[in-house]
Number of protein chains: 2
Amino acid sequence: MKIMLKAVLEDTSLYQPGLSIDCVIFGFHDNQLKVLLIKTKYSEKWALPGGFVPVDEDIDQAAVTVLNNRTGVKGIFLRQFATFGCAKRNDSDFSSIVLDFYGIPKEKGEWYTNRFVTVGYYALVDFSQIIPQQVGKNETVEWIDHHAVPELILDHKEILDKALETLRMELNLMPVGYNLLPEKFTIPELQRLYETILGKKLDRRNFLRKITAIGILVKLDEKKSNVAHKAPNLYSFDKQKYQEVVKNGLNQGW
Amino acid sequence: MKIMLKAVLEDTSLYQPGLSIDCVIFGFHDNQLKVLLIKTKYSEKWALPGGFVPVDEDIDQAAVTVLNNRTGVKGIFLRQFATFGCAKRNDSDFSSIVLDFYGIPKEKGEWYTNRFVTVGYYALVDFSQIIPQQVGKNETVEWIDHHAVPELILDHKEILDKALETLRMELNLMPVGYNLLPEKFTIPELQRLYETILGKKLDRRNFLRKITAIGILVKLDEKKSNVAHKAPNLYSFDKQKYQEVVKNGLNQGW
DNA sequence: CTAACTTTGCGTCATAATAACACTTTGTAG
DNA sequence: CTACAAAGTGTTATTATGACGCAAAGTTAG
């Protein structure tokens with residue numbers, strides 16, 4: 001949220017006032033659902049990667065920019081899920097600390113101390129292809145297991161929770177995996193992804209049946225190597241059909 | 001969106017800049033899904049009821065205020081569904097027309113001519129209990145069949161479409177009807193509500209089976225009177241169970 | 001008054017989707 | 001070569017769904 005705050009304050013007229021973007025960036029590694037978080041130097045707490053919205057730019061585009069800055073990857077799954085506008089988001093103590101840290105005088109930082117509303121986006125990215133980008137010297141970017149998320153600034157925890165809740169719900173409407181797994185993967189890996197997102201165990205055999213019934217998987221003539229026990233078969237997604245299903249949706253209740 | 005624009009411009013520091021609320025208010029009458037729309041005097045086009053956000057107020061609360069102003073009813077179903085922030089929303093031609101109409105000089109109306117991002121909410125209300133409220137003398141408020149929606153200002157049509165799409169999707173996650181129907185209603189009425197929202201016919205007998213299986217209906221010892229043909233039985237919702245199901249959700253795909 | 005018609009209410013039946021579970025295969029580790 | 005762990009491939013019982021049939025209740029047309 002404070003990407004290039006200094007630069008923004010140089011000419012605040014270029015940015016939408018009182019509006020920010022926050023991204024919940026999910027990755028999958030070691031059977032863990034990871035979230036990309038930022039450790040700021042001006043606070044003990046962590047934060048979601050975020051940014052501001054140029055006045056002449058779509059908010060969706062601004063979210064893409066945030067994502068590119070943090071992950072260096074383009075063309076990934078990104079979806080708006082909610083907008084957060086509690087009045088108490090206006091934590092002037094917090095913004096004062098940030099301004100102090102950067103040595104910005106209060107008059108100049110007034111734009112930033114006003115009440116902010118933030119639009120939440122969540123992204124699904126391939127962990128193995130993303131090297132967290134350090135933006136500026138004053139923060140560290142890290143993948144953190146979603147079960148081990150430390151205290152976050154402001155209402156970022158609430159935003160993160162809502163993102164995960166939305167992702168869980170969207171699992172019923174679309175397949176997931178194309179964006180979170182490498183090109184080639186195994187069914188057990190895909191299953192563990194689902195289990196991790198849902199937070200519960202699934203039956204191996206029933207999972208296979210349901211997931212293949214969707215018609216988005218391509219069984220490769222290749223097995224995973226260097227694994228303990230029986231080598232699982234490798235699969236990849238039929239990108240064409242995958243996109244179709246994402247677009248048209250799965251189970252329609254009515 | 002231009003409720004009390006004049007009053008707002010009196011002291012713009014009290015309002016969140018560049019941010020508005022737009023409400024898609026659904027009602028059900030004569031087997032038609034109705035939307036509450038505003039006919040403004042300064043344009044041939046219609047608009048969604050909207051408003052601005054006081055800086056010290058939650059956006060959800062601001063949406064409630066809009067709703068109360070328009071329908072005069074409190075405690076109704078209201079849900080945020082998306083935020084619209086296309087750069088082209090910044091239609092300066094449009095805002096100039098509005099300012100001209102109200103006779104507001106350009107300097108004073110600068111706050112309003114800036115680019116706006118709007119948060120979309122949709123509401124479900126009992127048509128029979130709502131008398132559209134006229135706010136100010138320069139606009140008319142009317143229930144309009146969602147199939148007969150005229151041309152709307154800016155991207156309001158897109159917002160309306162997205163609201164309906166969201167409502168359709170949410171039908172798979174929760175029951176609907178408590179907010180749209182009168183206290184007592186018949187199964188055929190409820191079915192027609194579902195059919196209207198979904199835009200397709202449902203089988204009478206299968207509908208009854210599915211809807212009763214949810215366990216939210218109470219069969220009353222009373223039949224609808226003054227109707228042609230066989231008098232249908234009246235039902236009401238078990239409010240307790242209804243709320244539970246809305247909270248916990250229906251079909252879990254996984 | 002009666003026959004035709006419309007709508008409601010309550011079923012059935014075949015099929016599809018889901019949950020629960022058993023056995024075999026393949027490779028590792030000791 | 002034996003024990004073990006994970007993968008792959010079933011089966012079966014139960015439930016949910018979709019497609020219909022038929023009788024009851026009330027209205028309308030002649």
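Note: hydrogens, waters and symmetry copies are ignored here, and every other heavy atom, side chains too, is used. Proteins get letters first, then strands, A, B, ... in listed order; numbering begins at 1 in each.
For B:R204, whose side chain is taken as the heavy atoms from C-beta onward, the closest listed nucleotide among D:dC22, C:dA22, D:dC20 is D:dC22. Relative to the side chain of A:L208, the nucleotides C:dG27, D:dT9, D:dA7 differ in distance, and D:dT9 lies closest.
Look at NZ on B:K223: it is 17 Å from P on C:dT7, rounded to the nearest Å. Between A:K210 atom NZ and C:dA17 atom C1' the separation is 9 Å, expressed in whole Å. As a whole-Å value, the separation of A:L190 CG from D:dG8 P is 12 Å. Computed from coordinates, the A:H229 NE2 to D:dC4 P distance equals 12 Å when rounded to whole Å. Between A:D203 atom CG and D:dT11 atom P the separation is 16 Å, expressed in whole Å. If you take CD1 of A:I211 and C1' of D:dT9, they are 18 Å apart, rounded to a whole angstrom. Between the CG atom of B:N233 and the P atom of D:dA25 there is a distance of 13 Å, rounded to whole Å. A straight line from NZ of B:K230 to P of C:dT7 spans 14 Å, rounded to a whole angstrom.
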Run the numbers on B:Y122 and B:E170 for side-chain hydrogen bond (donor to acceptor under 3.5 Å, both in side chains), then give the verdict. CA-CA 12 Å; B:Y122 79 93; B:E170 309 228 65; 2.9 Å; yes
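Using a 4.0 Å heavy-atom cutoff across all strands shown, A:K219 reaches sugar-phosphate atoms only and no base atom.
For D:dG10, its base never sits under 3.5 Å from the side chain of A:R209 at any donor and acceptor pair.
Taking side-chain N and O atoms only, B:R205 has no distance below 4.0 Å to OP1 or OP2 of C:dT7.
Each of B:A231 and A:W254 was matched to the nucleotide of DNA chain D holding its nearest heavy atom; the match closer to the 5' end belongs to A:W254. Two residues, A:N251 and B:I187, neighbour DNA chain C, and the one matched to the more 5' nucleotide by heavy-atom proximity is B:I187. Nearest-nucleotide assignment on DNA chain C puts the 5′-proximal partner with B:Y235, out of B:Y235 and B:Q252.
Under 4.0 Å is where a charged nitrogen must lie from a carboxylate oxygen, and between A:K39 and A:E139 no such pair does. The existence of a salt bridge linking B:E151 and B:K157 is excluded, since no basic side-chain nitrogen approaches an acidic carboxylate oxygen closer than 4.0 Å.
Residues B:V119 and B:D22 fail the side-chain proximity criterion, which asks for heavy atoms closer than 4.5 Å.
Taking the ring centroids of A:F28 and A:F127, they lie at or beyond the 6.0 Å cut-off.
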